[in-house]
Structure formats: structure tokens, C-alpha cells
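For reference, the structure discussed in these notes is given below.
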Amino acid sequence: MPSESPVGSQAGAKGSAREELCGFLVLDKPAGLTSHGCVAQVRRAYGLKRVGHGGTLDPAVTGVLPIALGGATRLLPYLSGDKRYRGVVRLGLRTSSDDLSGEELEGRPVPPLGPGELETALAPFRGTIQQRPPNVSAVHVDGERAYLRARRGEKLTLASKTVTISELHLLDWNPERAELELEVACTAGTYIRSLARDLGEALGCGGCLAELRRTEALGFGLEESVALERLQQQPPPELLNPLVVLGHLDRRQLEGEAELASWRCGRSLEAGLALPDGTAVVVVGLDGSLAGMAQAQAGGRLQPKLVLQANG
């Protein structure tokens with residue numbers, strides 16, 4: 001996506017003008033920092049309270065962390081949830097967290113393997129599969145995060161869930177280190193740690209995740225990302241315009257002051273185009289800026305779902 005100016009005032013404005021910011025920032029998250037910690041630094045850099053991220057990364061994981069600022073926080077559900085990763089799996093080792101941060105549970109000898117054997121083992125993981133999340137994960141168990149229960153020593157058996165791995169490529173195999181490098185494209189909710197664990201089990205030697213870098217998330221890629229250190233400079237990085245980010249959706253331009261006033265009061269609009277029910281539509285104001293989001297309904301109407309600068 002090209003980088004364009006955000007809707008509203010850019011950073012450097014004073015007082016309430018900062019709260020008018022509505023745009024996206026893509027961070028290249030470094031290792032050793034939580035996603036929440038990244039959000040806190042963005043809040044300080046732009047002087048905003050309303051900041052959220054699109055998809056948690058574990059502290060050890062690096063790469064694409066989309067950040068929404070101001071009104072853009074309400075646009076996150078309209079972005080693609082698919083993600084892409086590059087990771088390294090270490091065979092012959094099982095841990096409590098399914099990665100190197102956890103307690104070592106078991107070491108096993110790794111059988112003689114080549115690219116052919118690895119490709120055969122990877123094949124069942126392509127497509128729509130059932131996957132059990134790691135015990136040390138943010139999945140809720142009876143209203144509490146699984147990792148909190150696991151840290152208390154509770155024995156957990158989390159329910160499997162359906163995920164889709166649309167691409168799974170073997171990039172490299174290092175038999176001396178018993179490590180293979182993978183590229184993975186998958187739906188939201190897929191755990192690469194679980195993939196490493198299950199691949200190791202399929203090979204009979206156990207496995208865990210050694211390294212992971214997210215290269216795409218919510219339609220953003222590393223080419224659009226900025227280093228966290230850039231937040232320390234003034235002015236902070238330019239934000240991505242929501243209209244560019246939402247360019248994959250249909251849009252409806254408001255026509256005239258009367259229609260703009262009606263929209264800001266939360267009234268439905270004539271769609272002006274044939275759309276299936278439930279289709280998300282970007283609504284654009286008279287000045288070409290984002291006015292909100294609507295949903296197509298039967299009868300050719302657009303029902304407001306998000307109205308920026310609403311009246312009342």
C-alpha cells in the first residue's frame with residue numbers, strides 16, 4: 001500500500017487536534033518487547049489515547065505489527081485477517097510453550113531427513129486443518145487466559161480449532177542443527193508454535209519453534225513498516241491513509257450537504273450500486289475524506305455501521 005497523509009491533523013498539532021488523527025502505522029516490532037509495549041510507545045509519540053494493534057505478537061517474535069490510531073481503531077475489523085510468517089523449527093526438542101522460551105520437556109534423536117522426507121511430512125498441514133493451540137497461549141479457558149493457568153502448573157488440554165494454512169513452503173533444511181526454515185501463509189488464529197510442535201510429532205522426534213518473523217498482517221507488509229526507534233524522532237512517521245488501506249472495498253461518495261447531514265445523523269443511504277447483503281462499503285465525504293463505513297442491505301440501502309464526525 002502506498003503511504004499517504006492520514007485523515008485529520010498530522011502529528012505535531014497541539015491539544016485536541018491530535019485526537020483528529022485517523023490512520024495506520026506499521027511497526028517492525030523488535031524482539032523482547034510486547035505488542036502492548038509497542039502501543040504504549042505509539043501513544044506517547046503521537047499524543048493519543050485511542051491506539052490499538054491488529055494482532056498480538058509474542059515478545060520473541062519480530063515483524064509486522066499494524067497499529068491503528070484515532071478513529072482507525074474502529075476500522076480494524078474491515079481488514080484482512082490473513083497473515084504470513086517466516087520461521088525456524090528445531091526438531092528433536094519438546095518444550096512447555098512449544099518454542100524455546102519454555103521449559104524443556106524432552107529431547108529425542110532426529111531421524112535421517114532430507115528435503116523429500118520433510119516435504120512429505122509437511123503435506124498434511126496444508127489446507128484447512130484442526131490445530132490445538134499451545135498451552136501457553138491467550139486462549140480463554142473458563143474465562144481465564146490459558147497461559148495464566150499453565151504458569152500455575154495446571155495440566156491443560158486445549159480444544160482444537162479449525163485453521164487454514166494456504167501456503168507452506170520449505171525454504172531451508174540444516175541437518176547439523178536439525179532446523180528447517182518455513183514460510184507460512186495462514187488465517188488469523190493459526191499458531192506457528194503449534195505447527196512446529198505437530199510437525200515434530202509427525203516426524204517422531206518432537207519439535208518447537210526457534211525463530212519467527214511476521215512478514216504480512218491485515219494486508220500490510222514489511223515494506224511499509226518502520227523501526228520502533230523512528231518513534232523517537234520528530235515529527236513521528238506519517239500515517240497511512242485509511243482510504244488507501246480500505247482500497248479493496250466498494251465505496252460510496254456522499255453527494256451534497258443534505259446527504260452529508262443525513263449520514264452524520266445515522267440515516268441509511270441509497271446504495272447506488274448492486275451489492276450482496278452484508279457487503280462492507282466505505283463512505284467518502286464531500287471533501288474526499290473518510291466519512292465512515294456502511295453495510296449493504298436488502299432494498300438497495302446502505303446501513304451506517306461507523307459514522308465519523310457524527311451529529312448528536
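All values below come from the heavy atoms of this structure, side chains included, with hydrogens, waters and symmetry mates left out.
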Practice task
Look at Arg214 together with Glu216 and state whether they make a salt bridge at an N to O cut-off of under 4.0 Å.
Solution key: no

Fill in the blank from the handout: What one should report as the nearest heavy-atom pair of Glu179 and Ala210 is OE2-CB, 4.2 Å

With a 3.5 Å distance limit and no angle check, can you tell me whether [X] reaches the backbone of [Y] through a side-chain donor-acceptor pair?
X: Arg94; Y: Glu106; answer: no
X: Trp263; Y: Val307; answer: no
X: Thr215; Y: Arg84; answer: yes
X: Thr95; Y: Glu104; answer: no
X: Lys83; Y: Gly81; answer: yes
X: Asp287; Y: Ser289; answer: yes
X: Glu117; Y: Gly114; answer: yes
X: Lys161; Y: Gly189; answer: yes
X: Arg193; Y: Ser97; answer: yes
X: Arg251; Y: Leu243; answer: yes

Practice task
Would you indicate whether Gln309, at its atom CD, is surrounded by more than 12 heavy atoms from other residues, nucleotides or ligands within a distance under 6.0 Å?
Solution key: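 Check fails, neighbour count at 12 or below.
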
Exercise for the section: Applying side-chain hydrogen bond (donor to acceptor under 3.5 Å, both in side chains) between Thr62 and each of Arg213, Arg86, Glu211, Lys29, report the one that passes. Expected result: Arg213

Exercise for the section: Return yes if a side-chain donor-acceptor contact under 3.5 Å exists between Thr128 and Thr164, otherwise no. Expected result: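 Thr128 vs Thr164: donor-acceptor pair found between side chains.
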
Problem - Side-chain H-bond candidate by donor/acceptor type, Gln130 with Thr162, under 3.5 Å - result: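 The criterion, which ignores hydrogens and geometry beyond distance, is satisfied for Thr162 and Gln130.
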
Practice task
Please determine which of Arg267, Arg252, Arg264 meets the salt bridge (charged side-chain N to carboxylate O under 4.0 Å, His left out) test together with Glu259.
Solution key: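 Running salt bridge (charged side-chain N to carboxylate O under 4.0 Å, His left out) over Arg267, Arg252, Arg264 with Glu259 returns exactly one hit, Arg252.
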
Exercise for the section: Could you give me the CA-CA distance, side-chain angles and deciding distance for Phe24 and Leu79, then say whether side-chain contact (heavy atoms from CB on, under 4.5 Å) is met? Expected result: CA-CA 12 Å; Phe24 293 90; Leu79 305 183; 3.9 Å; yes

